[in-house]
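Okay, so here's the structure we're looking at.
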Number of protein chains: 2
Amino acid sequence: MVLNNYRKEDKVLLAVDCIIFGFYQEELKILLVQRDFEPAKGEWSLIGGFLKKEEDLDIAATRILNHLTGLNNVYMEQVHSYSKLDRDPEERTISVTYFALIDIAHHCKDLLKQNPIKWFDLKDFPELIFDHNDMVQDALTSLRNRVGTKPIGFELLPEKFTMRQLQKLYEAILDTELDKRNFINKFNSFDLLTKLKEKDMSSSKKGAFLFEFDEDKYQKKVEEGFCFKI
Amino acid sequence: MVLNNYRKEDKVLLAVDCIIFGFYQEELKILLVQRDFEPAKGEWSLIGGFLKKEEDLDIAATRILNHLTGLNNVYMEQVHSYSKLDRDPEERTISVTYFALIDIAHHCKDLLKQNPIKWFDLKDFPELIFDHNDMVQDALTSLRNRVGTKPIGFELLPEKFTMRQLQKLYEAILDTELDKRNFINKFNSFDLLTKLKEKDMSSSKKGAFLFEFDEDKYQKKVEEGFCFKI
DNA sequence: GCAAAAGTGTTACGTCTACACCCATGT
DNA sequence: ACATGGGTGTAGACGTAACACTTTTGC
């Protein structure tokens, strides 16, 4: 027999946890929070919260991110749902994760000062509560897959960036070294970037030209069947 | 302030919906059920149910699949969570989808006779309730991505299969035509199949050699860094 | 003048694609 | 003997990967 009465069914707590990635000094970073409530008070955790009756998951993720960071208009994608019975010792909780991509330099100058929130190097961050370490791992895998088929890397960079920054970003995400000429040639072949007249003088004496991602151009190309593939 | 009391939080109904794929007569199929309860009684729907207190999502998906089909040991993967406020008119319900891969020929001879469950051609199935059409689309996308990086296609075939069957399967999943020589050459280059002495005589007079997927060999290769990529 | 990063093309290599004929067998 | 699907190899196109030197300028 098919289940036929919604009201008889068990309800559960639904949480949303955000894996917030940033990019700074050529390294991928992750934003973590020190829990200020039990259980596991004082331990490091992903930024999360509970789904409310009147919102869907995407909105909850946006709200939670905004609530703890003050950030808006952040690129987010749902990753996976976690449901092991004992994953949260306090109460049975199912958690849906989202990864978020943030341009640290632009948005977060004062975040770093705020107390229980801190950026960590993705290669060296503390043990997290519950199954949050798995979540980070899965989110990273998801990001790696995604970045290969959709030009979302820019979400981690300032609007204007140098080719070298872009390359270092992809190197950090994919955890591999890339040849600068091949990288630039490939990216240029997509014809998605606008080269500006400005230069960034912060990393060399000669200065490096700045580029912008042309979202409109990308959308038009997609409609024409273009498929981003790096 | 961080949320600090689990008990105050809203709880929700959590459903699991299964997108069950099969392969038969060179076409991808999907298993659908006619709802025998309100709302939307009589309409076609994915096979689903509600998560129970004592199970995690993987187990719920397995139970639901088994309950409506009698099948065990079915390959399943979580796809996505759907949470639009009005997606289920009866009551706020979040749904987590799983795709399942089934060898129709082997397992389901009598399923077809059972009443409210029916295999449909993936290219021609009825309008589904709620957001189930989106779920099917997303699951198909997920299957397409997955099949390119993990040898799961075999789950849709009998244990022993011909190269032609395998090729037709990939053609059906990817919705594209493949060259038989290129396909065979590529697959053989992986060295994951065992050629049997037996032939399948059902589709030609000459007969076609049967092959088996060597799961152990695949696992060993993966440990050595092998990466399936088709 | 030298250190440090920016910028720029070509060649070799490997992979992917296209393609056509013979084989075995049941009717 | 012929119709049907099974099985096999190669050559050209294409994309990827490897590689080194010149430029600019602040110190």
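Lettering of chains follows the sequences in order, A, B, ..., and the numbering in each one begins at 1.
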E43(A) meets the side chain to side chain contact (heavy atoms under 4.5 Å, CB included) criterion, sequence neighbours left out, with A40(A), I129(A)
Next item on the list: Please state whether the phosphate of dA6(C), meaning OP1 or OP2, lies under 4.0 angstrom from any side-chain nitrogen or oxygen of R164(A).
Entry: yes
Across all chains, not counting sequence neighbours, the side-chain hydrogen bond (donor to acceptor under 3.5 Å, both in side chains) partners of E215(B) are Q219(B)
L210(A) CG to dA6(C) P, in whole Å, measures 12 Å
Pair D58(A)-Y98(A), side-chain donor/acceptor within less than 3.5 Å: yes
In whole angstroms, the gap separating P of dC23(C) from CZ of F209(B) amounts to 16 Å
Ionic contact status for D175(B) with K123(B), cut-off 4.0 Å
yes
Given protein heavy atoms under 4.0 Å, the one-letter contact record of nucleotides 10-20 of chain C, with B base, S sugar-phosphate only and - none, is simply ------SBBBB
When rounded to whole Å, the CG to P distance for the pair N188(B) and dG7(D) reads 11 Å
Between CZ of F187(A) and C1' of dT16(D) the distance, given in whole Å, is 17 Å
Reading nucleotides 22-27 of chain D from 5' to 3' and marking B where a protein heavy atom lies under 4.0 Å of the base, S where only the sugar-phosphate is that close, and - otherwise, the string is -BBBS-
Show every donor-acceptor pair shorter than 3.5 Å between a side-chain atom in residues 183-196 of chain B and any protein atom, with sequence neighbours excluded, or say none if there are none.
from    : atom 1 : to      : atom 2 : distance (Å)
N188(B) : ND2    : I184(B) : O      : 3.4
S189(B) : OG     : K186(B) : O      : 2.5
D191(B) : OD1    : K217(B) : NZ     : 3.4

Here the distance between atom P of dT16(D) and atom CZ of F183(A), to the nearest Å, is 14 Å
Between CE of M163(B) and P of dT8(D) the distance, given in whole Å, is 9 Å
Task: is_close_aromatic(F125(B), F120(B)), centroid dist under 6.0 Å - done: no
D200(B) CG to dT4(D) P, in whole Å, measures 19 Å
Rounded to whole Å, the NZ-P distance (K229(A) to dT16(D)) equals 11 Å
Quiz item: Are K150(A) and F228(A) in a cation-pi contact, defined as NZ or CZ under 6.0 Å from the six-membered ring centre and within 45° of the axis?
Solution: no
Taken in chain and number order and not counting sequence neighbours, the residues that satisfy side-chain hydrogen bond (donor to acceptor under 3.5 Å, both in side chains) with E27(B) are none
On a heavy-atom basis, the closest approach of L46(A) and C18(A) is CD2-O, 3.6 Å
